[in-house]
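First comes the structure, then the notes that go with it.
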2 protein chains.
Amino acid sequence: MTGQTRLSWTDVRDEIRARILNRTYAPGDKLPRDEDIALELGCARTTVHRAMQELSQTGLVERKRKGGTQVKIDPVTRATFDIPITRREVEQRGSKYDYQLISRSLDDTPLSVMARFGIQQTVQMLHVKALHLADNRPYIFEDRWVDTRSTPDILNVDLKVESANEWLVRNKPYSRVDVRFFAMNAEGESAEHLSTKAGDALLVIERTTWIGQDPITSVQAVAAPGYQLSAVN
Amino acid sequence: MTGQTRLSWTDVRDEIRARILNRTYAPGDKLPRDEDIALELGCARTTVHRAMQELSQTGLVERKRKGGTQVKIDPVTRATFDIPITRREVEQRGSKYDYQLISRSLDDTPLSVMARFGIQQTVQMLHVKALHLADNRPYIFEDRWVDTRSTPDILNVDLKVESANEWLVRNKPYSRVDVRFFAMNAEGESAEHLSTKAGDALLVIERTTWIGQDPITSVQAVAAPGYQLSAVN
DNA sequence: GACTTTATTAAGTAGGTACATATTAATATT
DNA sequence: AATATTAATATGTACCTACTTAATAAAGTC
């Protein structure tokens, strides 16, 4: 008697992954049908399906109806990043969080911001600049635009007290988000507020959100020198 | 007669998400039990479960056995990035890909690399520097260390022809990966190979992989100025 | 009251059945 | 031979049932 307990879908996932790692199933190979794997391992097809679902999502295999399952030829590295509220991020590092409003005004959107939102006409939006600090040292400088058509309430928020970052996350869920990372040299304003010298390489996290088709906000969060963003798991 | 067809789990997911967006379920609120939602919407509990599974994965809700489902108070922005083989990335932009080996030698691991791998002792690893080009212009400069204990075959690969990047992805699946992004100023080597002037801000993608506990490779991919990394979806 | 034990609850999982859907393969038609 | 039609097939989905597990609440004990 094998006497072994029933297989869970994570067991199946691990077994299949192991076989891919040890090249039983090599890149480009076609895997057996779910049903055959189920039969071989002694579990239900639904269990194999659940396992495959995850392997497919992490980019290790590719599945097609009728076509079957195939090990990806060029597996991409898929990394997930959590971008929390800055206050949370600072507090979770065990640092003291502070926040300073730098400026707040209604300005016409420049071309760069229009491009981010994908809009053609210039509109007036709330333009907010603010600084997040960790242990009294500059941590992130944010330059944000908020569309007052989709988010008129932002005008009643005292941004000297509550950061737009936090207020928006709490009060303005989005249905679509675009996130991108790039590097820029510190200059003028960013250098000044982050207390660094002009020219220093800074990581920028740019986030733009929409609700349906309507723009909500677009922010460039410029991190202080040395900032690293690392993937979860 | 409503005459409507049966609900799919994506319908349920969209319905729940809509309710979260329109604040029927506000941040911090507890959602009804899966079973009650199923009853209300007229579908099976498993269908609701499948929908919740995705909402939970994207970080919109939090689920606990017995505790039920709760809308996250501070929803994080969760972004997923695919980091393909550089050749693929270049080709998908519609550019011509080229590759140049810059150097290849067996060196002792410096502290920084040991830290990335989480190892205490200095070991000799294969140290490879290479340049990826798009349309004859520098695209990514990579500085890579490969552990020859876990990956002895790399020593037989002609890295002048095939990039270590590509060979490893094809031949050395990993079980764990660490990915991080940061910005650095171009200097000396990186400036020279990327044909940019020293001081320019460059985005660095650092990737370290293991198979089980054993280090495979760690690479710093330094992108040419202007490079942006954007999330999938 | 503080602590431990027990029961309850809601999500999580496994199995089975039936059917839907997207592709590919085979066949028929022009 | 090229094209359109039809059949076959593997994954995807929906529903049901039964059981498991983790977390919480309630009850009991010192």
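The chains referred to below are lettered A, B, ... by the order of the sequence lines, with proteins before strands, and numbering in each begins at 1.
The nearest whole Å value for the distance from the CG atom in A:L41 to the C1' atom in C:dA14 is 14 Å. Going from atom CZ of B:R50 over to atom P of D:dC16 covers 18 Å, rounded to whole Å. Atom C1' of nucleotide C:dA11 and atom CZ of B:R45 are separated by 7 Å, given to the nearest angstrom. A:R13 places its CZ atom 14 Å from the C1' atom of C:dT13, with the value rounded to the nearest Å. Summarising the geometry, the separation between CD on A:E62 and P on D:dA10 is reported as 18 Å, rounded to the nearest angstrom. Regarding B:R6, its CZ atom lies at a distance of 11 Å from the C1' atom of D:dC16, rounded to whole Å. The separation between A:M52 atom CE and D:dG12 atom C1' is 14 Å, rounded to whole Å. A:D11 places its CG atom 8 Å from the P atom of C:dA14, with the value rounded to the nearest Å.
Within the 4.5 Å cutoff, the side chain of B:L126 has heavy atoms near those of the B:L155 side chain. By the 4.5 Å heavy-atom criterion applied to side chains, B:Y99 and B:E142 are not counted as neighbours. Residues A:T217 and A:T151 fail the side-chain proximity criterion, which asks for heavy atoms closer than 4.5 Å. Counting heavy atoms from C-beta outward, A:P173 and B:I20 have side chains that stay 4.5 Å or more apart.
Using a cut-off of 4.0 Å between Lys/Arg side-chain N and Asp/Glu carboxylate O, B:D34 and B:R63 are scored as salt-bridged.
In this structure a side-chain-to-backbone donor-acceptor pair under 3.5 Å is missing from B:T208 to B:F117. Side chain of A:T80 to backbone of A:V232: no donor-acceptor contact under 3.5 angstrom is found.
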Restricting both atoms to N or O, compile the protein contacts to nucleotides 22-28 of chain D shorter than 3.5 Å, with distance only.
unit_1	atom_1	unit_2	atom_2	d
D:dA23	O4'	B:R65	O	3.4

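Note on residues 81-93 of chain B: pairs passing side chain to side chain donor-acceptor pair (under 3.5 Å), not counting sequence neighbours, are A:D74-B:R88, A:R78-B:D82, B:T86-B:N165, B:R87-B:E91, B:R87-B:E166, B:E89-B:Y139, B:E89-B:Y227.
Out of C:dA11, D:dC15, C:dA14, the shortest distance to the side chain of A:W9 is found at C:dA14. The side chain of A:H49 sits closest to D:dG12 out of D:dG12, C:dG12, D:dA14. Comparing D:dC15, C:dA14, D:dT11 by their closest approach to the side chain of A:T69 singles out D:dT11.
Among the protein residues, A:T46 comes within range of the nucleic acid bases, having at least one heavy atom under 4.0 Å from a base atom.
Mapping B:R63 and A:G42 onto DNA chain C by nearest heavy atom places B:R63 closer to the 5' end of the strand.
Taken residue by residue, residues 30-37 of chain B places no heavy atom nearer than 4.0 Å to DNA chain D.
The side chain of A:T47 places no N or O atom within less than 4.0 Å of a non-bridging phosphate oxygen (OP1 or OP2) of C:dT13.
Checking each of B:D11, B:V12, B:D36 against B:L41 for a side chain to side chain contact (heavy atoms under 4.5 Å, CB included) leaves exactly one that passes, namely B:V12.
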